[in-house]
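What follows is a short report on a single structure.
Owing to the predicted nature of the structure, the values given are computational and were not obtained by experimental measurement.
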Amino acid sequence: MGRPVNGSWQTTTLHVDGRGRSACLAYPHRTPVFEVAAGNAVVKVTLHASRVDEASVIFARELAEQARAFAEEVERLHKGQIRRASRRQTGQEDAA
């Protein structure tokens with residue numbers, strides 16, 4: 001991620017509110033497309049259509065690792081919200 005930028009560059013923020021989707025679109029004779037969508041917005045990550053090198057493999061593995069880390073962080077936050085809601089509900093029942 002900290003490599004110098006020598007090609008395309010852009011920053012795009014895609015707010016996904018739980019109704020988003022992601023997909024890997026595979027093709028028999030070209031590189032896959034990784035797609036993330038939310039509402040009417042879609043971001044697609046692609047590589048050169050026919051050339052895959054070691055850098056492509058490294059990027060794909062980094063993408064997978066960061067997606068896994070993102071999922072773990074979302075799960076951690078979700079579990080914390082469930083625990084807090086449970087404690088609030090238990091506190092309300094004790095007060096009644």
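Note that the CG atom of L63 and the CD1 atom of I58 stand 13.5 Å from one another [nearest 0.5 Å].
Residues passing the salt bridge (Lys or Arg N to Asp or Glu O under 4.0 Å) test with D17, sequence neighbours excluded: R19. Applying the side-chain hydrogen bond (donor to acceptor under 3.5 Å, both in side chains) criterion to S86, with sequence neighbours excluded, gives no partner residue. Among residues two or more places apart in sequence or in another chain, the salt bridge (Lys or Arg N to Asp or Glu O under 4.0 Å) test is passed with E72 by R68. Under the salt bridge (Lys or Arg N to Asp or Glu O under 4.0 Å) criterion, E73 pairs with R76, sequence neighbours left out.
By the 4.5 Å heavy-atom criterion applied to side chains, R87 and R84 are counted as neighbours. Proximity of P32 to Y27: side-chain heavy atoms (C-beta onward) are nowhere separated by under 4.5 Å. Put simply, the side chain of V36 reaches to within 4.5 Å of the side chain of F34, judged on heavy atoms.
Sorted by first and then second residue, the salt bridge (charged side-chain N to carboxylate O under 4.0 Å, His left out) pairs involving residues 24-33 (not counting sequence neighbours) form an empty list.
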Please tabulate, one pair per line, all N/O donor-acceptor pairs under 3.5 Å involving side-chain atoms of residues 39-49, not counting sequence neighbours.
from: K44; atom 1: NZ; to: E35; atom 2: OE1; distance (Å): 3.4
from: H48; atom 1: ND1; to: S50; atom 2: N; distance (Å): 3.3
from: H48; atom 1: ND1; to: R51; atom 2: N; distance (Å): 3.3

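Nearest heavy-atom pair, V16 versus A38, reported as atom, atom and distance to 0.1 Å: CG2-CB, 3.8 Å.
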